[in-house]
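Reading through the structure tokens given below for one structure.
Remember, it's a predicted structure, so these values are computed and weren't measured experimentally. Naming: A, B, ... by sequence-line order, numbering from 1 per chain.
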Amino acid sequence: MADLQRIKGFADLFSPESDAFSFMEGVARATFAAYGYTELRIPVMEHTELFSRGIGTETDVVQKEMYTFPDRKGRSLTLRPEATAGVMRAYIEAARHNQEPVSKFFTYGPMFRYERPQKGRMRQFHQINCECIGAAEPLADAEVILMLMTFLKGIGLTGLSLEMNSLGCRQCRPAYNNALSAYLAAINPQDLCEDCRRRLSANPLRVLDCKVPACKERTKDAPVIAEHNCPACQEHFLVVLRILQEAGLPRTLNPRLVRGLDYYTRTTFEVVSTTIGAQASVAGGGRYDGLVAQLGGPDVPGVGFACGMERLALMLGQRDAPGLDFYLAVLDAAALETAMTVAQTLRENGKRGEVSFSAKSLKSQMRQASRLKAKQCLLLGGNELASGVVAVKDMESGEQKNVPLKAVAEALGSR
RNA sequence: GCGGACGUAGCUCAGUUGGCAGAGCACCUGGUUGUGGCCCAGGGGGUCGUGGGUUCAAUCCCCAUCGUUCGCCCCA
């Protein structure tokens, strides 16, 4: 055990795990491009205030999970715990609303939250994020959800369930909050868990989301949020649902689906897996109509989602790494430099392969060739060098033939 | 922040009522003087997570600590 080790909750990803990540990034890039999204790369650190104002000071994320520390001049900086706030900051700072009516961005990269690590939950984790800013129409909500599901299907995942809810808007949420508060006031606080007692005053909505069985039982008859939404919100949600229905996308309504970040309004959704353990939610998102204004920008609406790449990777399964086209085995030290030249020529001809850096026994060379899953093993030793050829052995059939050094590229290409 | 399980070779793990630290896989070499995946033999590799304590003696028992992991909570 080395005395210098990686930080708790931070992972090193070797192949094939790293391959799974770049695979997902590639599919994401292609999928989102088809919907007119462009990539936005934003910093991993921001001023702390961006997150406290954007995510909500009462949220667990802000209260106890952020990596926050002063820089050398004493300013409070925070490693981003999510991407949306940063995307909005960039949008505002570049005054994108003056350039285009609707902006569509995707971004991916590491996020940081100080939590106890477990399966599907790292302190440094990776999210793929999409944000559609400037469109208030329900079509935007539907498109974002369709795009997310298309992406998940694109990486080969099925059997996921899509849960949806509508949280109302700035107009109707207060009325619902009052109704909920009144309902909760009738409950003896002693019957609720400690967290919920705090939520009663801070953010009553979160009480609905509590997983403690006793709390669930106490609040099972709580007013349903969707029934208190204003007509405009109800109509909005209906249109979203109708479009998804039309597209043949199955979903379940979950009246208790309340997101943990304060900025969500109207449509919210979450994609849940049943196979990856306790941390089952692989993607989540929704509409955030007041967020940009709250961060000091123009009052423009938005909708988007984030999905957790580690959790997706858990479901992805093993993917076979592609083998090499050739492995150049060097049997004689005198042939090493010639071998490098041959290998380089092959690579310039589009072949992927490795060359042995030192002369080794044929046995270990052949072992290495099969370990690398090379299609062909080229043998170069004293005899070959003397007669100006290289032996080309097909690893599949075992057939072997001598090829002049200058014609190796053609010989490999013709097969 | 809370609870459970676990830390022994590069990997997966045995182990001893406390007495010289083991196996399989992997790696290297040889059997086979230039033909792989099988077989056989040999070899390199370890402060038994770390620090204390008990003991003639601790990898083993006790305490602490760090780490890993699963769950709670939270979230993607």
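For G71(B), the OP1/OP2 oxygens have a side-chain nitrogen or oxygen of Q118(A) closer than 4.0 Å.
A side-chain donor from one of T150(A) and Y35(A) sits under 3.5 Å from a side-chain acceptor of the other.
When the P atom is compared between G3(B) and C73(B), the two are found 15 Å apart, to the nearest whole Å. As rounded to the nearest Å, G15(B) and G30(B) have C1' atoms that lie 32 Å from one another. Using P as the reference atom, U65(B) and G71(B) are 25 Å apart when rounded to the nearest Å. A21(B) and C62(B) are spaced 23 Å apart, taking the C1' atom of each and rounding to whole Å. Separation of the P atoms belonging to G49(B) and U8(B) is 6 Å when rounded to the nearest angstrom. One P atom belongs to A5(B), the other to C61(B), and the distance between them is 14 Å to the nearest Å. With C1' as the reference atom, C2(B) and A9(B) are 36 Å apart, rounded to whole Å. Nucleotides G10(B) and U47(B), compared at atom P, are 7 Å apart to the nearest Å.
Taking a cutoff of 4.0 Å between a charged side-chain nitrogen and a carboxylate oxygen, D299(A) and R170(A) qualify as a salt bridge.
Across all non-hydrogen atoms, the minimal contact from M149(A) to V271(A) is SD-CG2, 3.9 Å.
Pairing of C72(B), defined by two Watson-Crick or G-U wobble distances under 3.5 Å, is identified with G1(B). Across all strands shown, C25(B) pairs with G10(B); the Watson-Crick or G-U wobble distances both stay below 3.5 Å. Partner assigned to G36(B) is none, using Watson-Crick or G-U wobble distances below 3.5 angstrom. Remark: C20(B) base-pairs with no nucleotide in the shown strands. Criterion, Watson-Crick or G-U wobble with two distances under 3.5 Å. Here U54(B) sits opposite no nucleotide as a Watson-Crick or G-U wobble pair (both hydrogen-bonding atom distances under 3.5 Å). Across all strands shown, G49(B) is found opposite U65(B) as a Watson-Crick or G-U wobble partner, with both distances under 3.5 Å.
For the pair R123(A) and Y114(A), the cation sits on the ring face: its NZ or CZ lies under 6.0 Å from the ring centre, inside 45° of the axis.
Among the heavy atoms of the strands lying under 4.0 Å from S364(A) are primed sugar atoms or P, OP1, OP2 only; no base atom is included. Base engagement by L379(A) is indicated by at least one non-hydrogen atom pair under 4.0 Å involving a base atom. Among the protein residues, R371(A) comes within range of the sugar-phosphate backbone only, with heavy atoms under 4.0 Å from sugar or phosphate atoms but none that close to a base. Using a 4.0 Å heavy-atom criterion, one finds that G285(A) contacts no nucleic acid atom at all. Counting any heavy atom pair closer than 4.0 Å across all strands shown, F125(A) reaches a base atom. Counting non-hydrogen atoms under 4.0 angstrom, N383(A) reaches a base of the nucleic acid. Looking at heavy-atom distances under 4.0 Å, A306(A) makes contact with sugar-phosphate atoms alone, never a base. K119(A) comes within 4.0 angstrom of the backbone, heavy atoms only, and of no base. Across all strands, M111(A) comes closer than 4.0 Å to no nucleic acid atom at all (heavy-atom distances).
The neighbour count for M315(A) CE, taken as heavy atoms of other residues, nucleotides or ligands under 6.0 Å away, is above 12. Heavy atoms from other residues, nucleotides or ligands lying under 6.0 Å from CD of Q245(A) number 12 at most.
The side chain of D60(A) has C74(B) as its nearest neighbour among G36(B), U69(B), C74(B). Side-chain proximity of L331(A) to G34(B), A76(B), C75(B): nearest is G34(B).
What separates NZ of K360(A) from P of U29(B) is a distance of 7 Å, to the nearest Å. Here G10(B) presents its C1' atom at 15 Å from CG of D12(A), a figure rounded to the nearest Å. Rounded to a whole Å, the CZ atom of F21(A) is 12 Å from the C1' atom of A76(B). In this structure, the CZ atom of R367(A) is 10 Å from the P atom of G30(B), given to the nearest Å. Regarding R123(A), its CZ atom lies at a distance of 18 Å from the P atom of A76(B), rounded to whole Å. Whole-Å rounding puts the E270(A) CD to C75(B) P distance at 9 Å. In this entry the distance linking CD of Q368(A) with P of U29(B) reads 11 Å, nearest Å. Going from atom NZ of K8(A) over to atom P of C66(B) covers 9 Å, rounded to whole Å.
Residue-to-nucleotide proximity on RNA chain B shows that, of G9(A) and H126(A), the 5′-proximal contact is made by G9(A). Projected onto RNA chain B by closest heavy-atom contact, R113(A) and E396(A) fall at different nucleotides, the more 5' of which corresponds to E396(A).
Between the base of C75(B) and the side chain of R311(A) there is a donor-acceptor pair shorter than 3.5 Å. Counting atom types as modelled, R121(A) pairs a side-chain N or O with a base atom of C74(B) as donor and acceptor under 3.5 Å. Looking at Q279(A), its side chain comes within 3.5 Å of the base of C74(B) through a donor and an acceptor atom. Side-chain atoms of E384(A) and base atoms of G34(B) include a donor and an acceptor less than 3.5 Å apart. Judged by distance alone, with hydrogens and angles left aside, K363(A) brings no side-chain donor or acceptor close enough to the base of G34(B) to form a pair under 3.5 Å. Below the 3.5 angstrom threshold, one finds a donor paired with an acceptor across the side chain of Q400(A) and the base of U35(B).
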| CA sep, side-chain torsions, deciding dist, call: E131(A), Y288(A), side chain to side chain donor-acceptor pair (under 3.5 Å) | CA-CA 10 Å; E131(A) 315 291 349; Y288(A) 44 84; 2.5 Å; yes
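Classified by interplanar angle (parallel below 30°, tilted 30° to 60°, perpendicular above 60°), the ring pair F10(A)/Y67(A) is perpendicular.
When R89(A), R75(A), R53(A) are each tested for a salt bridge (Lys or Arg N to Asp or Glu O under 4.0 Å) with E46(A), only one passes: R89(A).
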